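Since the model is a prediction, treat every value here as computed from it, not as a measurement.
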Amino acid sequence: MRGRTLRACALLVALAGFLVIGGGSAIAHGDDGTTLVVDDDLACPSADHPTIQAAVDAAPPGSTIYVCPGVYDEQVEIAKSLEIVGKDFGNQDAPIVRPVAATPNSTSLTSGNPITAVIVADHAKDVEIEGLTVDGSTAGPHNGCATQLVGIFYRNTSGEIEHNAVRNVNLGTGLEGCQSGQGIFVQSGNGKYSNVEIKQNTLHEYQKTGILANEIGTNVDVAGNTVSGLGVSPIIAQNGIQIGWGAKGDVHHNSVINHLYGPCVSTTVCGAVATNVLVFGPDADTRAKDVSVYENVLGKAQVNVYFEADKSKVEKNLIFDTDVFDGIYVPGNSNRIHGNTINTSDESAIWLDGTKNQVSWNVVNETPEGIHDEAGGNSIGYNAFYNVVAKRTPAPTALNTTALATPTAEVEEVTLVGLPSLTAPTASEVRP
């Protein structure tokens, strides 16, 4: 069995309980009726604070803070229920939070190591961040690899992160190999929890991970995001979306692409792989359960879906152009791998290292190997293969109907001629 070590304003007019902004769009007050307006040069009408942090400090819980276009050289710390919403002013709609020479302002709940976050929400409920550009391009350099750099960090905090652009979260020249640089990071600890919706964001130029959700107590809904890696990275194995260490959630309707580790050039010359979606749990206590990865478009990675989960689902994804290794790799058990379309994997479309998985109704085109059942004891049926060298390995010797409603249709002869040597990649997870 191949084992794997795994270990991101317009004119304001008060009107009948609403604010009218720009071209007449109406938006409600915060839950307690308090609204504050931020503009870096106070040119935006009704602006009452020049910095986001000043507005955060002044706002009662439940307030709404509108951020007008401008460049905000600051780190923002939130410890109360708030909405922070970027808004347009005239023809502009780009409120950019870009701190210069940022400093540590939080710590990891697991290691206690320092974290430098552009925006951090800590031990709060109902925190919404919407419509901001979070830019880490001038935040570093930092103290070597010792400090994690994060764009948006929710620490024992629940709420929403929507319609933001998170970019350039990297440590800079000479530190490219540090396992740091998370675009959006959600973490729970000490018996607390974080329920966070992460939707319709764009993330790119991060160093390690686009969206990261870790630890027991973390539950995320990651939907509709566009997550773009660096392409071929010479010294770091990136991950697009990671759910690990006991976190739960759904990953759906995202577009994730371009995560490739340069030194991984073949199945035998590869110290680690880059992944588009990494679901990770190293032991029984932290093994992911109740995780669903569905209806995503995933392309150009060394493993598109690395699924170390139990009793979970990978369904109806479009997966393409997997370099070196597998479209979907499943070291977990009792999962449902169903209805995926997997095109052009260099090794296999689906590799199973776990048992009791149900693999059905997947469509595979142009791979050396369709489904590799390394561990055995999996239910495999009603999959379609086109232009593959071997549909199943090891070749099925009898129908496998375990846990299937109807018998398998895979009884065709399997041809092994020309099949390359198959081996295991090792993913590189991150746990700040």
Side-chain donor or acceptor of Asp346 paired with backbone N/O of Val324 under 3.5 Å: yes

What I'd like to find out is whether the side chain of Ile84 reaches to under 4.5 Å of the side chain of Val67, using heavy atoms alone. yes

Gln238 (side chain) donor-acceptor with Leu230 (main chain) under 3.5 angstrom = yes

Sorted by chain and residue number, the ring-ring contact (aromatic ring centres under 6.0 Å, His included) partners of Phe153 (sequence neighbours excluded) come out as Phe185

Q) Short question: side chain of Asn383, backbone of Asn362 - any donor-acceptor pair under 3.5 Å? A) yes

Can any side-chain N or O of Ser188 pair as donor or acceptor with the backbone N or O of Ser194 at less than 3.5 Å? yes

* **Side chain proximity check, Ile115 to Thr147, heavy atoms < 4.5 angstrom** => no

Self-check item: Backbone N/O of Ile235 and side chain of Glu176: donor-acceptor pair under 3.5 Å
Solution: no

key: Non-hydrogen side-chain atoms of Ser428 and Lys208 separated by less than 4.5 Å   = yes

With side chains defined as the heavy atoms from C-beta onward, is the minimum distance between Asn225 and Thr202 less than 4.5 Å?
no

Are Gln53 and Glu77 close enough that some pair of their side-chain heavy atoms sits under 4.5 Å apart?
yes

Between His253 and Tyr294, how do the two ring planes meet: parallel, tilted or perpendicular, split at 30° and 60°? perpendicular

### Test: Glu74 and Arg98 ion pair at under 4.0 Å
no

Query - Side-chain (Ser180) to main-chain (Cys178) donor-acceptor, under 3.5 angstrom - result: no

Practice prompt. Tell me yes or no: between the side chains of Asn113 and Ser108, is some donor less than 3.5 Å from an acceptor?
Written response: no

With sequence neighbours left out, the residues meeting ring-ring contact (aromatic ring centres under 6.0 Å, His included) with His204 are none

**Message:** Closer than 3.5 angstrom, by distance alone: can the side chain of Asn164 be matched with the main-chain N or O of Ile129 as a donor-acceptor pair?
**Reply:** yes

Contacts satisfying salt bridge (charged side-chain N to carboxylate O under 4.0 Å, His left out) that involve residues 220-236 (not counting sequence neighbours) are Lys199-Asp221

message: Tell me whether Asn335 contacts the main-chain N or O of Lys311 through its side chain, where contact means a donor paired with an acceptor under 3.5 Å.
response: yes

**Report entry** Lys/Arg N to Asp/Glu carboxylate O, Lys300 vs Asp323, below 4.0 Å
**Finding:** yes

The residue among Ile337, Val291, Asn304 that forms side-chain contact (heavy atoms from CB on, under 4.5 Å) with Val314 is Ile337

